[in-house]
Amino acid sequence: MPEEKVPLSFYSAYDTRTLARNLLGCELVHESPDGLTSGIIVETEAYLQDDPACHAFNRRTPRTEPMYGRAGTAYVYLIYGMYQCFNIVSNAEGIGEAVLIRALQPTAGIELMEIRRSIRAGKAPMTPSAARITLKELCRGPGKLVQAMGIEKGMHNATLLSGGTLYLRPQVTAPQEIIEGPRVGINLGRELPYRYYIKDNIFVSKA
DNA sequence: GTACGGATAGTCT
DNA sequence: GACTATCCGTACC
């Protein structure tokens, strides 16, 4: 399988909402020491600088610094004190915007995903015949996909461009139909329709 | 299969 | 010290 990474222009050429749409159908890949895992992005949310739900809405702080960096940078933050969320920085440098990845359709490293998810969930590691987390539950939600993919807070501010082990492959085929609607789990800015997902895809976190 | 409550820690004021 | 928003176990149907 040839390594074909999405280039900088993909992340920087369009506004954040367009990027959030264009990311659907792309494949997120992580080459970790434990093995390779990957999944097709089926659900995203855009976070804009003039949007009260965006971490960069108020002030430029140490935590949000990567959001102002080059497009194609990873922005990883802690949520609920116990889960991480994975975002991709968009737009030009100096503009604090990003796209949250909310769900994946697993494509490779399924067994490794099951192990990571089981361990993090406090269950015994998988055995082949053991009761398992089902395929569609593996990456259905921002915290889940971070666990399954082995993304860690150390990857905060890492680049998805050349040189890294975490990157995107381009769409093989464009999604047939994209639904947009309100984002999940936020109060401020909840009326903004900045959530995008592939219609009828069973791997989205919430229809 | 839906519904509810509890766990948790980093960031900023 | 206030604020933040996901996952999971349990209950119940």
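Order of the sequence lines sets the chain letters (A, B, ...), proteins ahead of strands, with each chain counted from 1. This one's a predicted model, so the numbers in the text were calculated from it and none came from an experiment.
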If each of A/Tyr83 and A/Thr64 is mapped to the nucleotide of DNA chain B with the nearest heavy atom, which maps nearer the 5' terminus, i.e. the 5' end?
->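 On the 5' side of the pair lies A/Tyr83.
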
Out of A/His156, A/Glu97, A/His55, which residue meets the side chain to side chain donor-acceptor pair (under 3.5 Å) rule with A/Tyr75?
->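 One option only clears the test, and that one is A/His55.
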
Any side-chain donor-acceptor pair under 3.5 Å between A/Tyr167 and A/Glu31?
->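 A/Tyr167 vs A/Glu31: donor-acceptor pair found between side chains.
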
Under 3.5 Å side-chain donor-acceptor pair for A/Thr107 and A/Arg169 |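 No, no side-chain donor-acceptor pair sits under 3.5 Å.
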
Under 3.5 Å donor-acceptor, A/Gln171 side chain and A/Leu24 backbone =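 Checking the backbone N and O of A/Leu24 against the side chain of A/Gln171, a donor-acceptor pair under 3.5 Å is found.
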
Electrostatic pair A/Arg17-A/Asp51, nearest N-O below 4.0 angstrom |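 Salt bridge flag = no for A/Asp51 with A/Arg17.
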
Please report the distance, rounded to the nearest Å, between [atom1] in [X] and [atom2] in [N].
{"X": "A/Gln84", "N": "C/dT4", "atom1": "CD", "atom2": "C1'", "value": "14 Å"}
{"X": "A/Arg60", "N": "B/dT13", "atom1": "CZ", "atom2": "C1'", "value": "20 Å"}
{"X": "A/Lys206", "N": "B/dT2", "atom1": "NZ", "atom2": "C1'", "value": "14 Å"}
{"X": "A/His55", "N": "B/dT13", "atom1": "NE2", "atom2": "P", "value": "13 Å"}
{"X": "A/Ile79", "N": "C/dC3", "atom1": "CD1", "atom2": "C1'", "value": "12 Å"}
{"X": "A/Met67", "N": "B/dT11", "atom1": "CE", "atom2": "P", "value": "15 Å"}
{"X": "A/Arg63", "N": "B/dG10", "atom1": "CZ", "atom2": "P", "value": "12 Å"}
{"X": "A/Glu152", "N": "B/dA9", "atom1": "CD", "atom2": "C1'", "value": "17 Å"}

Should A/Arg117 be listed as having a side-chain N or O under 4.0 Å from OP1 or OP2 of C/dC7?
->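 For C/dC7, neither OP1 nor OP2 has a side-chain N or O of A/Arg117 closer than 4.0 Å.
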
For C/dC7, the Watson-Crick or wobble partner whose two distances fall under 3.5 Å =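 Its partner is B/dG6.
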
Which nucleotide in the list [options] gets nearest to the side chain of [X]?
{"X": "A/Leu78", "options": "C/dC7, C/dA5, B/dG10", "result": "B/dG10"}
{"X": "A/Met82", "options": "B/dA9, C/dC7, B/dA7", "result": "B/dA7"}
{"X": "A/Arg59", "options": "B/dT13, C/dC8, C/dA5", "result": "B/dT13"}

